[in-house]
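Here is the structure we will look at.
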Amino acid sequence: MLKIENLHAEIDGKQILNGLTLEVGAGEVHAIMGPNGAGKSTLGYVLGGRPGYEVTQGSVTFNGQDLLELEPHERAAAGMFLGFQYPVEIPGVSFAQFLREAVNAQRKGRGEEALSGGEFLKLAKEKAGLLRLDMDMLKRPVNVGFSGGEKKRAEMVQMGILDPSFAVLDETDSGLDIDALRIVGEGINAIMRAPDKAVLLITHYQRLLDYVKPDVVHVLAKGRIVKTGGPELALELEEQGYEAVV
Amino acid sequence: MNDLATLPTTRDEDWRYADPDWLAAADPAVLAQWRELEVPAGGAISETRDVAAGVERLRVHVGRDARFALFCINAAGPYARAEVEVTLEEGAHFEFGGVTIGGGDARQEFVTRVVHAHPHATSNQTVRAVQWGRSIGNFLGRIEVVRDAQKTDAAQNFRAILLEKGATANAKPELEIFADDVKCAHGAAIGALDQTAAFYMAARGIPPEVARKLLIRAFVADAFAAIEDADLREQMLEKALAALGEEAL
Ligand SMILES: Nc1ncnc2c1ncn2[C@@H]1O[C@H](COP(=O)(O)OP(=O)(O)OP(=O)(O)O)[C@@H](O)[C@H]1O
Ligand SMILES: [Mg+2]
């Protein structure tokens, strides 16, 4: 479904990704772990097409399509979702308006009819309920004044509403309390666990992987995948740290 | 009075960002014209305006405990200047919301002078500028607090978004305060559209031109936030945003 080959990318002339190769098949959940500064968020931004992140070598194929050819919003419409490590605050734009624009822009991009106000509200209610996020929060400006955990849950509500086929979730578990972690974990399973979908889960800890069981675990260090294994690799890392394992 | 002698130039502080070509060709008689408005004690007047090309000047006297609110869209060109001079009696309030929005060679400005002539008067001014092309948006805001005008509360805020490299914004706050028990706040910031927010929107599938419009709408809305009638507020916003040409997005 997603095939990354020999990816090199730089920011401000500084090389961050260094020949990264990775393939995620449909129906799979892959976890990416790795030390701070390894380039995990950079990988997410490069997949999302963030301006300033320049690919200098390599390729990314998404469902047979050259992902790097697409504009960021086109990647979203093609089914790619990026859950942010630090969700962005947008004062003056309500979550509801933001999401309705997003859903309908994606639908338009796929040649589908726009959702009516009522249809959108029903969908939003359902997904907010799944993540136990108070619907009133969607009346507020995007992420403004949300607590760290609320922002992460709101990311998953967005994912539920947008219904992507592929999600890169960048430390969605950080900032969540114990109950929220379970709710988010179950939310990810409910939204993304399907034979035609896949997830790339960036995380530092095993705890989220207890809920969202990965099929494959990768270690990313210095801009490339240095080790790949099964779910047991995450446990090994947690016990022994990166230095011992890598 | 000799009108010719009073024709301003850009060497005058209040005209420093004005269009010199327009000034050179200006009719002194027109420049000397002021529209006068009286808000009687205890009364309230609220005005919304589309600023036309050229110079328009309004002088308002706001009576005791009265309230004057003015909301303007300045989307005109090549030169459009709206001047407001307000004198506040005891307990009076002046609310101002202004938006300059333009591209090409437009030069758009608000010039306000608020005189807190008596105690306990308040004023609040919010000006937003959205400029692209080689356009210029200016806000010259002067606040005068006379010696006896204790408990004055005056606020002024200017923010500009420059959508393209060639565009400019100028802010010139001027505070003349002769009373000591006074609150005066002013702030000015000039920047570009929030690229991080734009990428976040793109990552959710919102195309760049729609994202820009949403961000500009949120930015401009500050200037009209004090309009009480929600429909009117919406109308003003829509009207201002209608000035955004395709080249701005
Ligand atoms: N604008 C920039 N200019 C130069 N270097 C940058 C820039 N942005 C990020 N970097 C560097 O890129 C490297 C990778 O950062 P990235 O955010 O991808 O790390 P990460 O693996 O997500 O780390 P963490 O676990 O702390 O979230 C870091 O060394 C970081 O300092
Ligand atoms: Mg990171």
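Per chain, numbering begins at 1; letters A, B, ... match sequence-line order.
- Listed by first and then second residue, the side chain to side chain donor-acceptor pair (under 3.5 Å) pairs involving residues 52-67 of chain A are A:N6-A:Q57 (not counting sequence neighbours).
- Interface remark: A:L162 contributes side-chain atoms only to the contact with chain B (heavy atom separation under 4.5 Å).
- Here the CZ-OG1 distance, from A:F84 to B:T196, works out to 9.0 Å after rounding to the nearest 0.5 Å.
- Side chain of A:Q158 to main chain of B:R204: no donor-acceptor pair is present (N/O by atom type, distance under 3.5 Å, no hydrogens or angles).
- Environment of NE2 in B:H186: sparse, with no more than 12 heavy atoms of neighbouring residues, nucleotides or ligands closer than 6.0 Å.
- Taking non-hydrogen atoms and a 4.5 Å limit, the residue list of residues 215-230 of chain B in contact with chain A, ordered by number, reads B:L215, B:R217, B:A218.
- Counting heavy-atom pairs closer than 4.5 Å to chain A, the top residue among B:A198, B:A197, B:G205 is B:G205.
- Interface with chain A: from residues 153-174 of chain B, no residue qualifies, criterion being any non-hydrogen pair under 4.5 Å.
- For a residue to count as touching a neighbouring chain, one of its non-hydrogen atoms must lie under 4.5 Å from one of that chain's; by this rule A:Q97 touches chain B with the side chain only.
- Between chain B and the options A:E74, A:H73, A:Q106, the largest number of non-hydrogen pairs under 4.5 Å is found for A:H73.
- Looking at A:N104, there are no atoms closer than 4.5 Å to chain B (heavy atoms on both sides), in backbone or side chain.
- Neither the backbone nor the side chain of A:R75 comes within less than 4.5 Å of any heavy atom in chain B.
- For B:A82, the side chain to side chain contact (heavy atoms under 4.5 Å, CB included) partners are B:V51, B:E56, B:F110, not counting sequence neighbours.
- A distance of 5.0 Å separates CG of B:L214 from CD of A:E101, quoted to the nearest 0.5 Å.
- Classified by interplanar angle (parallel below 30°, tilted 30° to 60°, perpendicular above 60°), the ring pair A:F98/B:Y200 is parallel.
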